[in-house]
Amino acid sequence: MTALRIVFMGTPAFAVPALGALVAAGHDVASVYTQPPRRAGRGQRQRLSAVHEVANRHGLAVRYPARLDDSGEFAALAADIAVVAAYGLILPAALLEAPRLGCVNIHASLLPRWRGAAPIQRALLAGDEETGITVMQMDEGLDTGAILAQRRLPIGARDDAGTVHDALAAMGAELLLETLAEAAGGRRRARPQPDEGVTYAAKIERGETAIDWREPAAAVHRRIRAFGPAPGAWFAARDTRIRVLAARPMPEISAPPGTVVDDEGTVACGEGGLRLERLQRAGKSAVDAQAFLRGFPLPAVLA
């Protein structure tokens with residue numbers, strides 16, 4: 001495969017497999033752009049992004065501007081193409097046009113479904129049976145560019161945001177290399193996104209992670225999966241916030257919502273119920289529900 005001179009732009013763990021794949025395939029990564037270090041943890045120490053850490057291990061040049069402009073620094077890299085994966089900043093027109101082959105984006109959905117910030121969580125919340133990866137040619141719109149390649153991923157009944165994230169990140173890296181090979185050989189085939197089927201994956205708001213036992217069990221279960229393992233769907237009991245990391249639907253349960261119907265952690269919902277399987281308190285490790293309940297029994301009714 002012809003090696004390309006590439007600018008890579010990404011920040012979180014989702015982008016790491018793609019960067020690693022570019023390096024392993026022998027592409028010339030001229031520079032890596034990522035979000036600036038953030039203060040995190042109890043000591044509020046500055047923490048590098050996941051992409052920044054990997055770039056450092058590979059000895060790659062890293063830039064982390066707080067905002068992007070058309071100062072000419074980007075164009076001076078003389079890249080063949082820029083690869084964007086969950087970068088976190090909007091690219092102005094001057095940057096989109098600077099590389100010889102433009103900019104491509106790895107997006108974690110089957111566009112035009114779930115354009116926007118939280119495609120994995122929104123797909124799980126909606127009960128989608130499949131999702132996938134789209135590699136698209138970027139334009140100035142929000143995930144509106146022409147489709148270069150797509151690959152589908154079934155969503156299993158036990159999948160959560162973590163398992164889907166990891167599968168899509170690996171899939172995106174593979175599909176990216178295939179797309180770049182076509183670009184290097186002059187064989188890119190772009191097709192416009194269809195006008196039908198457009199949905200938007202709005203950023204997750206903090207209040208969405210709270211469990212409402214009045215919802216049907218199927219909806220609560222989707223919420224648990226959509227926010228697992230982080231930030232975690234939660235409920236409060238005995239003035240303590242408890243994260244639910246795994247649960248199993250129990251459609252035969254019939255009791256007022258929030259009722260804890262047995263000592264195994266089965267909770268009634270607006271329709272059916274859920275058997276809690278993995279729980280976590282703040283500052284504690286996640287444990288199986290049975291071990292959790294031995295040290296922290298639930299009240300008879302949850303709010």
Query - side-chain contact (heavy atoms from CB on, under 4.5 Å) partner of Val7, the single match among Leu77, Val84, Ile81, Val83 - result: Leu77
Requested in this report: For the pair Arg158 and Thr163, evaluate side chain to side chain contact (heavy atoms under 4.5 Å, CB included) and give the outcome as yes or no after the intermediate values.
Outcome: CA-CA 9 Å; Arg158 302 288 289 180; Thr163 61; over 6 Å; no
Query raised in the report: What is the minimum heavy-atom distance between Ala255 and Ala268, and which atoms define it?
Result: O-CB, 3.6 Å
**Report entry** Minimal non-hydrogen separation, Leu125 against Ala226, with atom names
**Finding:** CG-CB, 3.6 Å
Report summary line: All heavy atoms of Ala108 vs all of Ile133, minimum pair found to be CA-CD1, 4.0 Å
Requested in this report: Spell out, yes or no, whether Leu19 and Val135 are grouped together once hydrophobic residues are joined by side-chain heavy atoms under 4.5 Å, including indirect joins.
Outcome: yes
Report task. Decide whether Ile155 and Met171 are clustered together by the hydrophobic rule: side chain heavy atoms of Ile, Leu, Val, Met, Phe, Trp, Tyr closer than 4.5 Å, transitively. Result -> yes
Requested in this report: Please check if atom CD in Glu140 has more than 12 non-hydrogen atoms from other residues, nucleotides or ligands closer than 6.0 Å.
Outcome: no
Report task. Not counting sequence neighbours, list each pair that qualifies as a salt bridge (Lys or Arg N to Asp or Glu O under 4.0 Å) and has a residue in residues 184-207. Result -> Glu182-Arg189
Query raised in the report: Asp143 side chain to Gly116 main-chain N or O, any donor-acceptor pair under 3.5 Å?
Result: yes
Query - Selection residues 123-136 - residue pairs positive for side chain to side chain donor-acceptor pair (under 3.5 Å), sequence neighbours left out - result: Arg113-Asp128, Trp114-Asp128, Glu130-Arg152, Thr134-Gln150
Requested in this report: If a pair satisfies salt bridge (Lys or Arg N to Asp or Glu O under 4.0 Å) and one of its residues is in residues 114-126, list it, with sequence neighbours excluded.
Outcome: Arg122-Glu208
Requested in this report: I would like to know whether Thr34 and Phe8 meet side chain to side chain contact (heavy atoms under 4.5 Å, CB included); could you show each step before the answer?
Outcome: CA-CA 9 Å; Thr34 190; Phe8 185 84; over 6 Å; no
Query - Spatial distance of atom CZ (Phe14) from atom CG (Leu168) [nearest 0.5 Å] - result: 6.0 Å
Query raised in the report: Residues in side-chain hydrogen bond (donor to acceptor under 3.5 Å, both in side chains) with Thr179, at least two apart?
Result: none
Query - Trace of the side chain to side chain contact (heavy atoms under 4.5 Å, CB included) decision for Arg278 with Arg243 - result: CA-CA 8 Å; Arg278 193 159 181 81; Arg243 298 168 69 219; over 6 Å; no
Report summary line: Rounded to the nearest 0.5 angstrom, the OG1-CD distance for Thr209 and Gln121 is 11.5 Å
Query raised in the report: Looking at CG of Asp212 and CG of Leu302, how far apart are the two atoms once the value is rounded to the nearest 0.5 Å?
Result: 12.0 Å
Query raised in the report: Restricting to pairs with a member in residues 19-38, which pass salt bridge (Lys or Arg N to Asp or Glu O under 4.0 Å), not counting sequence neighbours?
Result: Arg5-Asp28
Query - Any residue meeting side-chain hydrogen bond (donor to acceptor under 3.5 Å, both in side chains) with Glu215, in chain and number order, not counting sequence neighbours - result: Arg223
Requested in this report: With sequence neighbours excluded, tell me which residues meet side-chain hydrogen bond (donor to acceptor under 3.5 Å, both in side chains) with Arg241.
Outcome: none
**Report entry** Main-chain N/O of Ala149 paired to Glu178 side chain as donor or acceptor, under 3.5 Å
**Finding:** no
Query - For Asp263, all residues meeting salt bridge (Lys or Arg N to Asp or Glu O under 4.0 Å), sequence neighbours excluded - result: none
Query - Any donor-acceptor pair under 3.5 Å from Asn56 side chain to Gly59 backbone - result: no
Query raised in the report: When you measure from the side chain of Gln193 to the backbone N and O of Gly145, does any donor-acceptor pair fall under 3.5 Å?
Result: yes
Report summary line: So CG of Leu279 and CG of Leu293: to nearest 0.5 Å the spacing works out to 6.0 Å
Requested in this report: Side-chain contact test, heavy atoms from C-beta onward, threshold under 4.5 Å: evaluate it for Leu68 versus Leu95 and give yes or no.
Outcome: yes
Query raised in the report: Hey, is CD1 on Ile90 packed in by over 12 heavy atoms from elsewhere, all under 6.0 Å?
Result: no
Query raised in the report: Does Leu96 belong to the same Ile/Leu/Val/Met/Phe/Trp/Tyr cluster as Met9, with side-chain heavy atoms less than 4.5 Å apart forming each link?
Result: yes
Report task. Please report the shortest heavy-atom distance between Asp159 and Leu124, naming the atom on each side. Result -> O-CD2, 4.2 Å
Requested in this report: Enter the distance from His27:NE2 to Leu22:CG here, rounded to the nearest 0.5 Å.
Outcome: 6.0 Å
Query raised in the report: Applying ring pair (Phe, Tyr, Trp, His ring centres under 6.0 Å), which residue pairs with at least one partner in residues 177-225 are found, sequence neighbours left out?
Result: Trp213-Phe235
Query raised in the report: With sequence neighbours left out, which residue pairs that include part of residues 50-67 fulfil the salt bridge (Lys or Arg N to Asp or Glu O under 4.0 Å) condition?
Result: Arg63-Glu73
Report task. Please round to the nearest 0.5 Å and tell me the distance separating atom CD of Glu97 and atom SG of Cys103. Result -> 9.5 Å
Query raised in the report: Taking only residues two or more places apart in sequence or in another chain, which ones pass ring-ring contact (aromatic ring centres under 6.0 Å, His included) with Tyr33?
Result: Phe74
Query raised in the report: Side chains of Ile6 and Asp80: does their closest heavy-atom pair fall under 4.5 Å?
Result: no
**Report entry** hydrophobic_cluster_shared for Met136 and Leu148, side chain cutoff 4.5 Å
**Finding:** no
Query raised in the report: Tell me the ring pair (Phe, Tyr, Trp, His ring centres under 6.0 Å) pairs involving residues 283-303, sequence neighbours left out?
Result: Phe292-Phe296
Query - Co-membership, hydrophobic cluster, residues Val23 and Val104, 4.5 Å side-chain - result: yes
Requested in this report: Kindly indicate, with the supporting measurements, whether the criterion side chain to side chain contact (heavy atoms under 4.5 Å, CB included) is fulfilled by Leu276 and Leu298.
Outcome: CA-CA 11 Å; Leu276 307 181; Leu298 297 178; 4.2 Å; yes
Query raised in the report: Is there a donor-acceptor pair closer than 3.5 Å between any side-chain N or O of Asp160 and the backbone N or O of Gly162?
Result: yes
Requested in this report: For Cys269 and Ala217, work out which heavy atoms get closest and say how close.
Outcome: CB-N, 3.6 Å
Requested in this report: Check whether any side-chain N or O of Thr266 sits under 3.5 Å from a backbone N or O of Glu264 as a donor-acceptor pair, and report yes or no.
Outcome: no
Query raised in the report: Should Tyr64 and Gln35 count as side-chain neighbours, where that means a heavy-atom distance under 4.5 Å?
Result: no
Report summary line: Nearest heavy-atom approach of Leu4 to Ala184 is CD2-CB, 4.0 Å
Query raised in the report: Do Pro37 and Ser49 have side chains that get closer than 4.5 Å, going by heavy atoms?
Result: no
Query raised in the report: Given Leu245, which of Glu277, Gln280, Arg225 fulfils the side-chain contact (heavy atoms from CB on, under 4.5 Å) condition?
Result: Gln280
